[in-house]
Amino acid sequence: MIYLKTEEEIELLRKANLLVSATLAEIAKIVRPGVTTRQLDTLAEQFIRDHGATPTFKGFPASFAGAEPFPASLCTSVNNVVIHGIPDDVPLKEGDIVSVDCGTCLDGFCGDSCYTFCVGEVDEETRRLLRITKESLYRGIAAALPGNRIGDIGAAVQQHCESQGYGVVREFVGHGIGHDMHEEPPVPNYGRPGTGKLLKNGLCIAIEPMITRGNNAIALMPDRWGVTTRDMSRAAHFEHTIAIHNGKPDILSTFEPIEAIEGKLY
């Protein structure tokens with residue numbers, strides 16, 4: 001069942017999402033060669049808890065047989081890992097990229113956002129992948145208007161990325177968000193205009209393009225959480241939580257504090 005939010009609930013969601021954005025900005029301050037993703041995770045968990053919230057990813061139930069609940073506060077997905085990378089002690093290297101997905105629960109409402117960071121200097125083709133993926137996120141958001149449908153969001157993302165020769169992951173999608181991190185409806189990054197659930201004021205969703213430099217085939221990693229590209233090409237992931245609010249998409253998370261630190265690299 002799709003649960004439309006009130007004005008008060010949208011503002012509580014905004015608070016939770018701005019905390020996610022602030023957490024990602026703290027990550028932006030320390031992402032560099034030699035830092036480990038476990039160090040990123042430790043910083044994020046402390047920052048979230050210091051602000052009176054809990055990290056929603058930690059202990060999240062497994063979807064695949066044989067996996068334990070998620071052990072960390074961040075998903076840190078490096079290079080060819082698309083999503084759900086578990087933080088570890090391997091130092092990041094010059095030229096890597098790392099997608100950092102973060103979730104919080106604050107005052108009973110959830111925040112969820114992701115940003116793909118450059119580690120030092122990266123090659124121009126990688127920057128292009130990140131730029132097109134981020135652009136596709138905003139194109140999807142622009143399509144999230146009352147009277148449109150879920151398929152309009154996915155079609156906007158898909159058209160922009162596939163027209164540039166990139167793969168759009170099909171198996172993992174965006175989602176509704178509220179008291180729970182994952183609510184109805186699913187929000188694919190592909191689709192046909194005019195199809196799917198009708199978009200209405202009060203609908204709150206996370207839109208999150210997961211885009212590959214090669215084809216869109218993926219594989220589950222041995223830890224039963226991380227998902228990698230089959231051809232080992234790099235992948236990018238950007239995510240905003242939005243409310244359809246007063247007749248337009250209202251972005252509840254923000255990349256501005258991240259970009260203020262690292263600059264608008266792409």
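Counting side-chain heavy-atom gaps under 4.5 Å among Ile, Leu, Val, Met, Phe, Trp and Tyr, Met232 is found in no cluster with other residues. Counting side-chain heavy-atom gaps under 4.5 Å among Ile, Leu, Val, Met, Phe, Trp and Tyr, the cluster of Val227 also holds Phe64, Val82, Ile83, Val169, Phe172, Met210, Ile218, Leu220. Clustering of Ile, Leu, Val, Met, Phe, Trp and Tyr by side-chain heavy atoms under 4.5 Å joins Val173 with none of the others.
In this view, Lys197 and Ile2, Ile150, Pro185 satisfy the side-chain contact (heavy atoms from CB on, under 4.5 Å) rule, not counting sequence neighbours. With sequence neighbours excluded, the residues forming a side-chain contact (heavy atoms from CB on, under 4.5 Å) with Asp96 are Val78, Asn79, Leu92, Lys93, Val119, Arg234, listed by chain and number. Every residue two or more places apart in sequence or in another chain that forms a ring-ring contact (aromatic ring centres under 6.0 Å, His included) with His240 is listed here: Tyr138, Phe255. Residues passing the ring-ring contact (aromatic ring centres under 6.0 Å, His included) test with Tyr190, sequence neighbours excluded: none. Partners of Glu68 under the side-chain contact (heavy atoms from CB on, under 4.5 Å) rule, at least two apart in sequence or in another chain, do not exist in this structure. Partners of Glu184 according to the salt bridge (charged side-chain N to carboxylate O under 4.0 Å, His left out) rule, which considers only residues two or more places apart in sequence or in another chain, do not exist here. Here Gln159 pairs with nothing under the side-chain hydrogen bond (donor to acceptor under 3.5 Å, both in side chains) rule; sequence neighbours left out. Residues satisfying the side-chain contact (heavy atoms from CB on, under 4.5 Å) test with Thr54, not counting sequence neighbours, are Arg49, Cys105.
The side-chain hydrogen bond (donor to acceptor under 3.5 Å, both in side chains) analysis of residues 14-43, with sequence neighbours excluded, yields the pairs Glu11-Arg14, Arg14-Asp250, Lys15-Asp107, Asn17-Thr241, Glu26-Lys29, Thr36-Gln39, Thr37-Asp88, Arg38-Asp89.
Relative to the ring axis of Tyr3, Lys5 places its NZ or CZ within 45° and under 6.0 Å from the centre.
The number of heavy-atom neighbours closer than 6.0 Å to CZ of Arg192, taken from other residues, nucleotides and ligands shown, is 12 or below.
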